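Down below is the structure, laid out as structure tokens.
This is a predicted model, so every value here is computed, not measured.
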Amino acid sequence: MLHIMAAVMAILLLSGCNEATNDKGNPTVDSNAINSPVPKQEGKNCNKIADIDYASVLKFNGITYNQNYRSDINNLEKGSNVGKIQYRMSGNACLGYIMQDGDATLLREGTELYEVKGYATSARLWAGDFLYEATDNPKAKTINDLLDIAGKIKTVRFVNGNDGITHLKDFTPEAAATFAEEYPKLPYVPYNKMYKESKGLAGGDYWIQIELIDGSSLEVIYNFKHAAFRPAGYATPELSALVEEQRKRIYAK
């Protein structure tokens, strides 16, 4: 199955720096690979501009956000303006450049950032008309600190990892309610730390779509070999058993 990261969360070392788009026409890093301070250098001062095909990521107030382009956004509203993009990396950033606050991989300089009403700005932002969700927050202690979804989960389901859309099996209402209570409480574990601890999180991935009460949704990956969610923490034994029980229902006749 495909990996979110990114989705999640990834810089793809492919040729070309053209602006990518998804099937809806929206611009589309392991975002962890572009997050430490170095001096900003514009393309004209580079020996070599980075030849990278970026996913759509931005950094604001120390938090890294990835574009969520599969969610229904019809019921989401813009709040106050909180800033704007200062620098576009694609076509400008030097080889080895590390993302800074105010940077975006694909969004144009000057793109306005807004609150998503009903959510902490540390969890979700509008960038123009595109929805972005936090994937890395150094100040987060729990998954809810990262995503701000406690009390907002309506449905939980497994989806096809090849397209991230096709429904495979909904959790039972009872299991979904338990998941909605326990998942946001899990301690937040940054992806880089989890990756090292699990030796790459290879194999055993299942995609889970979390549908929220406002109709929007987010996707997480569950690795059953390591009982690990991305984003971004380890399941308790009880939650791991619950997810495993629901996973087996995919294959039940």
Side-chain angles (χ1 to χ4, degrees), residues 1-13 29-35 55 57 64-66 68 70-71 133-138 140-147 149-150 153 155-212 217-253:
M1 288 193 176
L2 299 176
H3 294 268
I4 284 179
M5 279 297 177
V8 163
M9 300 169 169
I11 289 181
L12 304 176
L13 298 179
V29 184
D30 186 357
S31 48
N32 302 283
I34 52 176
N35 275 315
V57 177
T64 304
Y65 302 77
N66 281 31
N68 180 342
R70 290 196 179 100
S71 175
E133 291 175 345
T135 56
D136 180 73
N137 181 349
K141 301 299 183 184
T142 67
I143 287 178
N144 195 58
D145 291 340
L146 180 74
L147 300 175
I149 55 173
I153 297 175
T155 304
V156 184
R157 62 177 60 94
F158 287 100
V159 293
N160 189 311
N162 290 319
D163 61 22
I165 298 172
T166 304
H167 293 187
L168 298 179
K169 182 70 73 172
D170 283 14
F171 283 32
T172 65
E174 297 79 9
T178 301
F179 183 96
E181 181 71 22
E182 299 302 322
Y183 173 67
K185 296 178 182 177
L186 296 178
Y188 168 67
V189 181
Y191 178 74
N192 280 345
K193 183 174 186 290
M194 183 181 289
Y195 187 89
K196 292 176 182 177
E197 291 173 347
S198 63
K199 298 180 180 180
L201 290 164
D205 282 343
Y206 283 79
W207 282 34
I208 295 175
Q209 182 188 70
I210 299 174
E211 183 180 340
L212 305 179
S217 62
L218 62 147
E219 296 165 357
V220 301
I221 289 177
Y222 181 71
N223 184 288
F224 73 88
K225 289 185 177 180
H226 299 281
F229 293 102
R230 307 197 301 279
Y234 295 107
T236 60
E238 294 78 12
L239 188 55
S240 176
L242 180 145
V243 175
E244 179 63 12
E245 179 184 77
Q246 298 303 303
R247 183 181 72 87
K248 290 178 178 178
R249 295 178 63 247
I250 298 172
Y251 309 103
K253 294 183 179 179

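- The two residues I143 and G233 make their nearest non-hydrogen contact at CD1-N, 4.1 Å.
- Side chain of R247 to backbone of F158: no donor-acceptor contact under 3.5 angstrom is found.
- For N160 against W207, the heavy-atom pair with the smallest separation is O-CE3, 4.2 Å.
- Put simply, the side chain of F229 reaches to within 4.5 Å of the side chain of L186, judged on heavy atoms.
- A 4.5 Å side-chain heavy-atom check between R230 and D205 finds at least one atom pair inside the cut-off.
- The side-chain heavy atoms of P190 and D136, taken from C-beta on, include a pair separated by under 4.5 Å.
- With S71 contributing its side chain and S217 its backbone, the two residues share a donor-acceptor pair below 3.5 Å.
- D145 has its side chain out of reach of N137: every pair of non-hydrogen atoms, C-beta onward, lies at least 4.5 Å apart.
- Here the side chains of L218 and E133 are in contact, with some heavy-atom distance below 4.5 Å.
- Note: Y191 and Y195 have tilted aromatic rings, judged against thresholds of 30 and 60 degrees for the angle between ring planes.
- For the pair V156 and Q246, the minimum side-chain heavy-atom distance is 4.5 Å or more.
- In this structure the side chain of I210 reaches within 4.5 angstrom of the side chain of Y183, judged on heavy atoms.
- Nearest heavy-atom pair across A228 and M194 is CB-SD, 3.7 Å.
- The distance from the OH atom of Y188 to the CG atom of L147 is 9.5 Å, given to the nearest 0.5 Å.
- One distance of note links CG of N66 with OG1 of T135; it measures 4.0 Å at 0.5 Å rounding.
- For the pair P231 and L146, the tightest heavy-atom approach, listed with the atom from each and the gap, is CB-CD2, 3.7 Å.
- Contact check for V189 versus Y234: side-chain heavy atoms found under the 4.5 Å cut-off.
- For the atom pair E181 CD and L239 CG, the distance stands at 11.0 Å (nearest 0.5 Å).
- With N144 contributing its side chain and I149 its backbone, the two residues share a donor-acceptor pair below 3.5 Å.
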Begin with the C-alpha distance, continue with both residues' side-chain angles, and end with the deciding distance and a verdict on side-chain contact (heavy atoms from CB on, under 4.5 Å) for E219 and R70. CA-CA 9 Å; E219 296 165 357; R70 290 196 179 100; 3.1 Å; yes

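- Put simply, CD on Q209 and NE2 on H167 are 4.5 Å apart, with the number rounded to the nearest 0.5 Å.
- A pairwise comparison of heavy atoms in Y222 and I208 identifies CB-CD1, 3.8 Å as the closest pair.
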